[in-house]
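Working notes, structure below.
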Protein chains: 2
Amino acid sequence: MSDHTEPSASAIAAWSRLMRVSRQLHEAVEGDLKAAGLPPLEWYDVLHELATAEEGRLRPYQLVDRMLLAQYNVSRLLQRMQDKGLVDRLPDDADGRGHWVAITQSGRAMRRAMWAVYGPAIARLVDGRMDEAGQRQIHALLTRLGQRG
Amino acid sequence: MSDHTEPSASAIAAWSRLMRVSRQLHEAVEGDLKAAGLPPLEWYDVLHELATAEEGRLRPYQLVDRMLLAQYNVSRLLQRMQDKGLVDRLPDDADGRGHWVAITQSGRAMRRAMWAVYGPAIARLVDGRMDEAGQRQIHALLTRLGQRG
DNA sequence: GCCTTCTCGATGCAACTGCATATATGGAGA
DNA sequence: TCTCCATATATGCAGTTGCATCGAGAAGGC
């Protein structure tokens with residue numbers, strides 16, 4: 001589709017829009033959470049992954065894979081969340097190198113509290129601006145962009 | 001389009017895909033730049049804004065507006081870039097509170113060097129994965145999402 | 001068993017960010 | 001002019017990130 005060196009004008013336009021809009025929307029949600037005295041979005045992602053995982057627990061490396069976060073970043077994020085009592089670390093009897101990270105009751109409550117802000121934000125920013133057909137279209141197009149190949 | 005509280009399933013799907021793919025692509029480009037020993041993407045944005053501005057210069061607050069960055073962040077980013085000789089600060093005779101930030105020759109060279117990596121990355125990640133029709137479509141849809149309203 | 005290599009996770013240090021606030025000038029109005 | 005508020009930019013401090021590396025256990029070959 002190109003000489004693989006100089007991007008097309010339409011690719012540059014799509015790229016810039018993607019970078020700008022995604023950051024803008026991300027910050028809008030972060031702002032809502034902060035205004036409600038809640039922790040950042042990535043805490044929600046962790047809690048969500050854990051809550052929907054088998055037995056409410058995952059190994060840290062699984063979180064690294066699912067969240068596209070650096071390993072050291074996950075390590076410290078979990079430490080902070082544990083300090084707040086939202087997750088627990090439990091030994092993994094089958095693998096002495098690591099441990100399980102399990103969501104606590106307090107963590108489940110925090111997930112609900114965050115969703116009470118996050119959900120309406122998505123409703124406002126996405127449902128409020130685009131009908132379902134557009135949403136499906138953008139989902140499909142972004143999926144193509146995310147495909148490595 | 002909704003009760004403005006609970007987002008639709010398609011909105012959640014579009015949202016997650018947007019957050020995930022934009023971050024993934026951003027990191028891919030940052031990785032390319034880092035591998036080439038070049039500074040981060042936002043340095044390119046500053047250099048681009050300055051290079052295309054009247055007389056190659058802008059006031060810091062104009063960069064804040066165009067780049068959706070926090071004021072204190074721009075202040076320090078410019079300091080770092082000045083330390084590397086990529087921009088200069090010049091007094092603004094008409095407004096003693098601030099100053100002009102001007103791109104240097106070295107800054108223009110850095111912009112070219114970064115584009116030599118950035119451009120091909122966009123070509124690979126966008127042109128390589130989607131034809132022009134798709135690119136235009138995603139641009140249009142994202143523009144709608146970015147519209148406050 | 002023993003060695004080598006790989007995987008999992010944590011951490012010291014430097015760089016960067018966010019928040020609150022400081023400094024200085026501009027501008028409007030009494 | 002003097003006062004008061006707004007705008008432009010910088011900065012101290014605490015919290016977070018990135019990078020490199022470390023230590024410990026797992027896994028495979030011999």
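As a basis for the values below, the full set of heavy atoms in this structure was taken, side chains included, without hydrogen atoms, waters or symmetry mates. Chain letters run A, B, ... following the sequence lines, proteins first and then strands; every chain starts at 1.
Checking D:dA26, D:dG18, C:dG18 against the side-chain heavy atoms of B:R76 singles out C:dG18 as nearest. Candidate nucleotides C:dT17, C:dG9, D:dC19 were compared by shortest atom distance to the side chain of A:Q71, and C:dG9 ranks first. Checking C:dA10, D:dG18, C:dT17 against every side-chain atom of A:N73, the shortest atom distance belongs to D:dG18.
Rounding to whole angstrom units, CG of residue A:L78 and P of C:dG9 are separated by 9 Å. When the P atom of D:dC19 is taken as reference, atom CG of B:L33 falls 12 Å away, rounded to whole Å. In this structure, the CZ atom of B:R23 is 13 Å from the C1' atom of D:dT17, given to the nearest Å. For the pair B:L41 CG and D:dG18 C1', the interatomic distance rounds to 17 Å; values are reported in whole Å. A:Q62 has its CD atom 16 Å from the P atom of C:dT7, to the nearest Å. Distance B:L90 CG to D:dA8 C1': 16 Å, rounded to the nearest Å. As a whole-Å value, the separation of A:D65 CG from C:dC8 P is 8 Å. Rounded to whole Å, the distance from OH on A:Y61 to C1' on D:dG25 is 14 Å.
Checking side-chain atoms of B:R144 against main-chain N and O of A:R129 turns up a donor-acceptor pair under 3.5 Å.
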B:L18 vs A:L18, side chain to side chain contact (heavy atoms under 4.5 Å, CB included): CA-CA, chis, key distance, verdict: CA-CA 8 Å; B:L18 175 60; A:L18 174 60; 3.5 Å; yes

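Checking B:Y72 against A:Y72, the closest nucleotide of DNA chain C that is more toward the 5' end is the one next to A:Y72.
A:R97 contributes no side-chain N or O that forms a donor-acceptor pair with the base of D:dG23 under 3.5 Å. Judged by distance alone with a 3.5 Å cut-off, no donor-acceptor contact links the side chain of A:R59 to the base of C:dG9.
Within the 4.0 Å cut-off from OP1 or OP2 of D:dG18, not a single side-chain nitrogen or oxygen of B:K34 is found.
Here the shortest heavy-atom pairing between B:V126 and A:L145 reads CA-CD2, 4.1 Å.
Remark: of the listed residues A:M110, A:R80, A:R108, A:Q105, A:M110 is the sole one forming a side chain to side chain contact (heavy atoms under 4.5 Å, CB included) with A:L86.
Within the 4.0 angstrom heavy-atom criterion, only backbone atoms of the sugar-phosphate kind lie near A:R80; the bases stay farther away.
Remark: the B:Q79 side chain and the B:R89 side chain contain an N/O donor-acceptor pair separated by less than 3.5 Å.
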